[in-house]
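For reference, the structure I am asking about is given below.
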Amino acid sequence: MRWSNYYLMTAREAPRDAEVISHQLMARSGLIRRLAAGIYTMQPAGWRTMRKLMAIVRREMERAGAVELSMPAIQPAEIWEESERWYKYGVELLRMEDRHGRRFCFGPTHEEVVTDLVRRDVKSYRQLPINLFQIQTKFRDEIRPRFGLMRGREFIMKDAYSFDANEEGLDRSYRAMHAAYSRIFEACGLEFSVVEADQGAIGGSSSHEFMVLADTGESAVASCAACGYGANVERAEVGELPVPAPTGDEPAREVETPGTTTVAQVAELLGVEPARVVKTLIYDTDDGLAAVAIRGDRAVNETKLLNVLGGLGLRLATAEQVEAATGGPLGFSGPVGLAASLRLVVDESARKVAGFVCGANRGDRHFASVSWDRDVASARPIEWVDVMTAEASDPCPRCSAGELRLSRGIEVGHIFKLGTAYSEKMNCTFTDEHGRLHPAEMGCYGLGIGRTAAAAIEQGHDRDGIVWPAPLAPFAVVLSSLDPGDEAVRLAADSLYEELVDTLAPGGFDVLYDDRAERPGVKFKDADLVGFPVRVVVGARSLRNGGAEVSARRDGEREVVALDQVSDVVLGRLR
RNA sequence: CGGGGCGUAGCUCAGCCUGGUAGAGCGCACGGUUCGGGACCGUGAGGCCGGAGGUUCAAAUCCUCUCGCCCCGACCA
């Protein structure tokens, strides 16, 4: 491809709305152009990167036995009502009506469509397992799209869905996808880690996220260097925390604590460590109010809490709701004397605190030396749960040696075991060898194409621009002719271009020939900005020096190479 | 949805407070000088100052409404 005929326009400045580096560099290097919030055109060079990534994904998916198809983006409401997600998915589901008033949505994911397809085609265990995938445009009406391709409203995703006859089969399908994803991200040259994830609204029994590690990532990950445990912070467990020393069997007593509405204030006033204080939060849930108690030095993990309490959402109760539920003002709630009708869940970590301090459900009053068994459980039910947010340096939940480290990552892939959640609701059943009907065991596997490309830039860039991993670069090689007006240079560059194309094409490597009538500085800056892994420079000077100059974007290492050696050297650099 | 901010040339922005001829840099076109890390000089094209309404002799500027966009929070397959 000759740059003079191509469509690749670079810019010195990034658009004002570009906040993260990948967005800035994609915009500056002419890869993407914003059309509306979270909606982007893939310009030709950007689309080449997407196509390369999609080719890798296709190759590895097919190698893992998945079969490609293409499902509609527009989906009728009926199947979403069957799965009940028409009601549960919320505002992110872009709904619409056709001219007859029939209701549709623009698919954010395709469990319903694929389940509807398979239930019509698959009748027997002999037809299983099946794994169907597509690479397709999705739409999610994100509350806050941002960061360019990292969190768009319209975006390209590879989604796969497996159907098995039993759980063992699902395990196999899941492991095959796990392995395929690992190969994909390795092939892309990305540093990533696989962590346990929260299942969220999609449901199911198990899920893992593939995280590309980057400080700008939107997801927080907890991991243990000692044993390899890794989990999204939304889900991360915590090992045994040190417990404050027990205080003996002294009875609970009420103490005056004027104006102390925070754990820190109470702890200071009473001269105890915050871990000895148990804080009680009142949450407003789909099923009414619920009280949540946790050690005072720790934060509630609302994702875990939502999983415990059920429903679609929760929020902290208002001061009025707190007062109505507990009889005391906000800031003085506690488990002692709470109405038995009010649901009480307590984090396991608080269970081991003997003789704790808690709110008295009266203004300016706390209880001290409280015992769960003696003072709370005797009067009402308690649900012991894990709703704690993991923090850095917490003990690892899996091994005794390690401690948790928190880092940030970009979620580029997510795999789920769905089990029979959809197949039961949508009656996707097959006949087993004994003639009995069973719902299919399903898995679903998503991989963000644009997000992966953006993550590659977050991981690979420097002051001058993008440093692509070679497999994802729009072109593997840029050939810059510095003096296109000079007959000798032009002839040498032209023939070098032809030769490079011939030599590299069989290996799947492509060449962009910068034959533009631009000054050398412009060509160098553009080549660095767009980030072609290998650069070949031909100019009057290089010819005098004996040929062309070959250099690598990543380390800048240059060498002058005789013209007839250039293709071999370039090929060597790319492998 | 709550809080904050911004919409002026293709891009980045000034002008607005204190109403009176719409500006700069980059980019673009043409001419010239340059030519190995985003050159320089000259000339030029390019704007419903997001939209609507209002105040005023007069609105980019003041007021109201509205649309779009960004940030923080809430929320989040």
Side-chain angles (χ1 to χ4, degrees), chain A residues 9-20 23-24 27-30 33-39 80 83 85 88-94 105 107-112 138-148 151-153 155 157 159 197-204 207 209 218-219 232 234 284 302-303 306 312-316 411-416 418 421-422 444-448 451 463-465 480-486 489 514 516-530 535 537-545 548-549 551 556 558 560:
Chain A
M9 292 75 170
T10 61
R12 289 186 180 212
E13 290 172 294
R16 187 174 40 170
D17 59 16
E19 202 197 352
V20 296
H23 186 190
Q24 292 169 359
R28 283 188 57 205
S29 53
R33 172 76 113 254
R34 193 183 70 88
L35 180 65
I39 300 179
W80 283 76
S83 72
R85 287 208 294 180
K88 291 183 177 173
Y89 207 97
V91 293
E92 268 189 43
L93 186 63
L94 181 66
C105 65
T109 170
H110 279 66
E111 283 81 6
E112 283 80 2
K138 306 286 190 234
F139 197 97
R140 294 184 192 176
D141 204 354
E142 293 279 354
I143 295 171
R144 189 137 90 84
R146 54 180 151 181
F147 303 155
R151 176 168 289 252
R153 292 198 292 171
F155 58 98
M157 178 168 141
D159 47 327
D198 181 67
Q199 275 81 253
I202 217 162
S207 94
E209 288 169 334
E218 287 193 273
S219 305
N232 191 308
E234 290 181 346
D284 187 2
E302 294 192 349
T303 303
L306 184 60
L312 296 177
L314 50 77
R315 59 188 59 225
L316 280 168
E411 179 194 341
V412 289
H414 200 162
I415 60 178
F416 292 86
L418 295 173
Y422 289 88
C444 75
Y445 317 93
L447 191 156
R451 189 181 277 189
R463 258 193 9 260
D464 297 316
S480 302
S481 170
L482 297 192
D483 304 283
D486 180 316
V489 172
D514 190 353
R516 297 174 300 169
E518 292 288 351
R519 295 165 54 84
V522 172
K523 298 192 178 198
F524 290 138
K525 290 289 186 191
D526 278 349
D528 286 347
L529 176 63
V530 183
R535 188 182 74 191
V537 171
V538 180
R541 187 204 283 183
S542 79
L543 291 180
R544 277 199 307 278
N545 290 344
E549 180 185 295
S551 63
R558 307 182 188 190
V560 174

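All chains are named by letter (A, B, ...) in the order of the sequence lines, taking the proteins before the strands, and each is independently numbered beginning at 1. This structure is a prediction, so every number in the text was calculated from the model and none was measured. Atom set for the values below is all heavy atoms of this structure, side chains included, hydrogens, waters and symmetry mates excluded.
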Which residues share a side-chain hydrogen bond (donor to acceptor under 3.5 Å, both in side chains) with A/D528, sequence neighbours left out
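With neighbours one apart ignored, the set is empty.
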
Go through the structure and list residues passing side-chain hydrogen bond (donor to acceptor under 3.5 Å, both in side chains) with A/E518, not counting sequence neighbours.
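None.
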
Classify A/E13 by what it touches in the nucleic acid, base, sugar-phosphate, or nothing, heavy-atom distance under 4.0 Å.
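The residue A/E13 makes base contact.
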
Starting from C1' on B/G27, measure out to CZ on A/R28 and report it in whole angstrom.
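Taking CZ of A/R28 and C1' of B/G27, I get 14 Å after rounding.
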
Which residues pass the ring-ring contact (aromatic ring centres under 6.0 Å, His included) test with A/H23, sequence neighbours left out?
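ring-ring contact (aromatic ring centres under 6.0 Å, His included) list for A/H23, sorted by chain: A/Y40.
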
salt_bridge(A/E112, A/R85) N-O dist < 4.0 Å:
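Here A/E112 pairs with A/R85 in a salt bridge, since their nearest N and O are under 4.0 Å apart.
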
Could I get a table of every N or O pair under 3.5 Å where one atom is in the protein and the other is in nucleotides 30-34 of chain B?
unit_1: B/U34; atom_1: O2; unit_2: A/R519; atom_2: NH1; d: 2.5

Can you name the salt bridge (Lys or Arg N to Asp or Glu O under 4.0 Å) partners of A/R558, sequence neighbours left out?
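Once residues adjacent in sequence are excluded, the partners of A/R558 under the salt bridge (Lys or Arg N to Asp or Glu O under 4.0 Å) criterion are A/E549.
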
Salt bridge (Lys or Arg N to Asp or Glu O under 4.0 Å) against A/D17, all qualifying residues, sequence neighbours excluded
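Testing A/D17 for salt bridge (Lys or Arg N to Asp or Glu O under 4.0 Å), a comparison that skips the adjacent residues, returns A/R34.
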
For A/R33, which contact category applies under a 4.0 Å heavy-atom criterion: base, sugar-phosphate, or nothing?
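The answer is nothing, as A/R33 stays clear of every strand by at least 4.0 Å.
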
The side chain of A/P15 is closest to which nucleotide in this list: B/C11, B/C76, B/G36?
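Output: B/C11.
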
How many Å lie between CG on A/D514 and P on B/G37, as a whole number?
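So the CG-P distance, A/D514 to B/G37, works out to 15 Å.
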
Which nucleotide, if any, forms a Watson-Crick or G-U wobble pair with B/G2, using both distances under 3.5 Å?
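Pairing partner, where one exists within any strand: B/C72.
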
What N/O pairs connect the protein and nucleotides 69-74 of chain B at under 3.5 Å? Give each pair on its own line.
unit_1: B/C69; atom_1: OP1; unit_2: A/A37; atom_2: N; d: 3.1
unit_1: B/C71; atom_1: OP1; unit_2: A/E19; atom_2: OE1; d: 3.1
unit_1: B/C72; atom_1: OP2; unit_2: A/R144; atom_2: NH1; d: 2.8
unit_1: B/C72; atom_1: OP2; unit_2: A/R144; atom_2: NH2; d: 2.6
unit_1: B/C72; atom_1: OP2; unit_2: A/R146; atom_2: NH1; d: 3.2

By salt bridge (Lys or Arg N to Asp or Glu O under 4.0 Å), which residues pair with A/E209, not counting sequence neighbours?
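Here no residue qualifies.
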
What residues, two or more places apart in sequence or in another chain, satisfy ring-ring contact (aromatic ring centres under 6.0 Å, His included) together with A/F139?
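For A/F139 the ring-ring contact (aromatic ring centres under 6.0 Å, His included) partners, ignoring immediate neighbours, are A/F106.
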
Side-chain touch A/V489/A/L482, heavy atoms, less than 4.5 angstrom
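A side-chain contact is absent here, since even the closest heavy-atom pair is not under 4.5 Å.
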
So A/P108, base contact, sugar-phosphate only, or nothing? Heavy-atom distance under 4.0 Å.
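Answer is nothing: A/P108 stays at 4.0 Å or more from every strand.
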
Could you tell me how far apart A/D483 (CG) and B/G36 (P) are, to the nearest whole angstrom?
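Between P of B/G36 and CG of A/D483: 7 Å.
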
